[in-house]
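Written below as structure tokens is the structure these notes are about.
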Amino acid sequence: MRPSIIQKTPAGLRVQPNLADYHADRARFSWAAARADLPTLPDGGLNLADCAVTSHARGPNRDRVAFRFLAGQTSDELTYGDLDLQTNRFANVLAELGVGREDVVFVLAGRIRELYLAVLGSLKNGTPVSPLFSAFGPDPIATRLNRGSGTVLVTTTSLYLKKVAKIRDRVPSLRHVLVVPDEPGEPLPPGTEDLARLLEAASDLFTTVATQPEDLALLHFTSGTTGAPKGAMHVHEAVVTHWVTGRDALDLHPDDVFWCTADPGWVTGTSYGIIAPLLHGVTSIVDEAEFDAERWYRILSEQHVTVWYTAPTAVRMLMKAGPALAAAWPRPALRFVASVGEPLNPEAVWWGQEVLGLPIHDNWWQTETGGIMIANTPAFDIKPGSMGRPLPGVDAAIVARGDAGLELLGDDTEGELVLRSGWPAMFRGYLNDPDRYARCFSGEWYLTGDLALRDADGYYWFVGRADDVIKSAGHLIGPFEVESVLMEHPAVAEAGVVGKPDEMVGELVKAFVSLKQGYTPSDELRQEILGHARRRLGAAVAPKEIAFLNTLPRTRSGKIMRRLLRARELGLPEGDTSTLEGGA
Ligand code: AMP
């Protein structure tokens with residue numbers, strides 16, 4: 001049998017870790033001291049893009065590669081100096097269009113260079129920015145643009161034609177659509193502007209707007225059990241968390257070549273695919289392509305990646321691809337591997353140790369936390385299956401919610417994971433929904449909605465979600481958003497959507513629907529409803545399976561009991577059904 005711990009010995013570490021002594025570093029940590037490491041602007045100003053880009057462009061990192069973009073067989077680089085000039089151009093494009101601090105820029109694109117210019121250039125201009133998943137269908141795009149009152153959208157010609165053109169008249173706030181052609185010389189869709197031409201005409205001199213630390217910088221949409229997606233608001237001050245966690249959880253050192261495989265449409269792809277590595281002046285690899293086991297091993301090997309941040313679904317897919325492929329691509333440079341977003345099975349941590357020659361460091365955080373909170377770090381042993389320990393500057397606890405408030409629970413007791421509020425990257429609100437934000441806190445504690453336990457050594461273990469949201473391939477999916485689109489199909493009377501455990505993607509989206517009078521279940525109808533959902537929601541969100549039921553279980557107050565649908569699907573005990581309509 002394997003031991004239950006992977007021991008770290010200082011001799012086994014190739015680079016002296018930034019976080020050397022967990023307990024001592026935690027005791028001595030202060031956010032104010034961390035903040036002093038970062039550059040500021042006049043009048044107490046702080047700007048994420050100034051810290052991430054301009055400060056390097058002014059110093060010795062000017063000629064260092066900031067991003068290496070891989071597309072097909074080609075690659076294209078931007079040094080910190082180039083990135084500074086090009087993001088200046090983007091900021092000038094916005095300024096010339098009259099786009100300012102009250103506006104919101106949305107970006108809907110694959111991982112292309114312009115996405116990165118748009119995010120950082122918007123921040124320089126003081127304009128909040130929200131990157132969206134390019135795999136979203138027209139409905140999730142329209143919902144988010146409307147909730148965020150988007151004034152500018154940066155996208156590509158093909159995404160515009162396929163997804164945005166049909167919903168454009170539903171988004172009255174949208175004043176400018178700036179498109180990147182997929183092929184040079186492609187005709188410009190009516191109602192759009194040519195981003196390449198605008199960038200070319202713009203000056204590359206720009207003085208970054210002296211945003212204040214509490215000014216809105218990034219808007220990331222996340223899903224809840226009910227209602228429309230929530231826009232988590234992050235401010236420029238978040239940069240302090242990005243800086244510290246890049247140092248302590250990802251162990252970034254100045255000579256690193258870092259690869260974060262997450263898409264910026266998800267908060268990981270922004271906090272760690274854009275900002276944290278730039279703060280540390282390292283070179284980031286950005287791959288435009290989707291997952292492919294051989295391509296990924298080739299990138300790790302040929303790009304000499306030293307620090308790799310990926311996700312459990314990808315690790316499981318690599319495990320499935322077999323050890324021979326891993327052996328075919330030597331990775332002598334790789335020294336640290338981390339993963340986030342969903343539970344990482346102990347088996348996967350061991351696989352890393354045995355096949356990659358390095359254990360995988362699971363870590364935990366959420367859209368709302370803006371940065372890594374709990375992590376396996378280089379500074380202590382790994383207990384495979386655990387998310388690790390709270391980072392310096394982060395206080396976590398396990399609680400039970402009671403009538404009299406929160407009860408702090410002891411070790412080895414399952415409860416809700418909470419964090420002491422006040423770290424710099426904590427979200428400052430859900431856009432236009434102060435009540436929902438207020439419900440996330442009890443006294444000084446932020447309630448994460450995750451169930452977990454802490455062991456006697458201070459390691460945290462993920463147990464599950466306290467609500468019905470679905471985690472599929474690392475993406476959080478709100479059942480309500482999916483149900484609403486299913487209900488719009490003429491045959492569907494009611495819909496309940498749950499996560500069905502799946503070995504590869506964690507959970508897959510499964511829908512239960514009952515049909516309106518006059519419709520009968522058939523494979524053909526199932527395919528038709530699946531197609532409707534895919535067209536409207538996009539492949540990343542749409543259900544993979546649909547089952548027909550005569551009626552869906554509802555509470556007496558009329559709410560669909562997703563918990564019960566899930567229990568029945570899995571053959572699990574049905575639990576408390578006392579509120580079920582028609583009696584238990
Ligand atoms: P998101 O806001 O989309 O990043 O999703 C956050 C949620 O993903 C958390 O609340 C957890 O439910 C889940 N999650 C993130 N990291 C982990 C992890 N290391 N282990 C288990 N679940 C995780």
Side-chain angles (χ1 to χ4, degrees), residues 130-133 135-136 140 144 218-225 229-234 245 249-250 260-273 309-316 337-349 352 359-377 382-391 394 396 414 416-419 425-427 430 440 446-454 459-479 481 499 501 505-507 540-541:
S130 180
L132 295 179
F133 259 126
F136 278 153
R144 286 158 179 78
L218 292 156
L219 195 55
H220 272 289
F221 287 87
T222 181
S223 300
T225 314
K230 307 169 279 182
M233 297 157 72
H234 290 286
T245 52
L250 299 177
C260 169
T261 60
D263 189 281
W266 177 35
V267 68
T268 304
T270 302
S271 295
Y272 299 99
Y309 194 23
T310 190
T313 295
V315 172
R316 289 190 289 268
V337 184
S339 130
V340 70
E342 13 154 6
L344 184 69
N345 342 32
E347 216 32 56
V349 181
I360 300 174
H361 296 76
D362 186 18
N363 58 53
W364 177 97
W365 59 292
Q366 315 176 298
T367 303
E368 287 83 347
T369 71
I372 304 170
M373 298 281 106
I374 295 179
N376 287 286
T377 74
I382 295 178
K383 297 189 190 184
S386 156
M387 311 188 288
R389 290 162 154 168
L391 288 174
V394 176
E414 194 180 306
E416 184 170 354
L417 174 64
V418 297
L419 303 166
M426 189 180 86
F427 70 137
Y430 287 128
C440 293
Y446 162 64
L447 311 165
T448 68
D450 276 8
L451 304 175
L453 58 80
R454 180 189 58 240
Y459 287 70
Y460 282 74
W461 300 74
F462 182 77
V463 173
R465 287 286 307 183
D467 58 19
D468 289 338
V469 290
I470 301 163
K471 253 282 152 136
S472 188
H475 304 167
L476 208 59
I477 296 171
E481 198 173 13
V505 295
E507 288 185 309
V541 183

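Read the numbers this way: they start at 1 and go in the same order the structure lists the ligands and their atoms. Reckoned from all heavy atoms, side chains included, excluding hydrogens, waters and symmetry mates.
- The closest donor-acceptor contact from the side chain of Glu416 to the backbone of Gly449 lies under 3.5 Å.
- Near Thr367, meaning under 4.0 Å from one of its heavy atoms, ligand 1 places the atoms 1 (P), 2 (O), 3 (O), 4 (O).
- Of the N or O atoms in Thr448, none lie within a sub-3.5 Å distance of an N or O in ligand 1.
- Geometrically, ligand 1 and Asp450 share a nitrogen or oxygen pair separated by less than 3.5 Å.
- Side chain of Glu368 to main chain of Phe427: no donor-acceptor pair is present (N/O by atom type, distance under 3.5 Å, no hydrogens or angles).
- Among Tyr460, Phe462, Trp365, the residue whose heavy atom lies nearest to atom 15 (C) of ligand 1 is Trp365.
- For Asn363 (side chain) and Val340 (main-chain N/O), no donor-acceptor pair under 3.5 Å exists by modelled atom type.
- Evaluated by nearest non-hydrogen atom to atom 18 (C) of ligand 1, the leading choice among Arg465, Gln366, Met373, Glu342 is Glu342.
- Heavy-atom contacts of Pro343 reach the following atoms of ligand 1: 20 (N), 21 (C), 22 (N) (cutoff under 4.0 Å).
- For atom 4 (O) of ligand 1, the nearest non-hydrogen atom of the protein is Trp266 NE1, 2.9 Å.
- Thr448 places a side-chain N or O within 3.5 Å of a backbone atom of Leu417 that can act as its donor or acceptor partner.
- Tyr272 and Thr245 share a side-chain donor-acceptor pair at under 3.5 Å.
- Nearest to atom 13 (C) of ligand 1 among the protein's heavy atoms is Gly341 O, 3.5 Å.
- With hydrogens and angles disregarded, a donor-acceptor distance shorter than 3.5 Å links the side chain of Thr270 to the backbone of Pro264.
- A side-chain donor from one of Thr313 and Glu342 sits under 3.5 Å from a side-chain acceptor of the other.
- Of all the atoms in ligand 1, the ones that sit under 4.0 Å from a non-hydrogen atom of Asn363 are 16 (N), 18 (C), 19 (N).
- Given atom 5 (O) of ligand 1, the protein heavy atom at minimum distance is Lys471 NZ, 3.0 Å.
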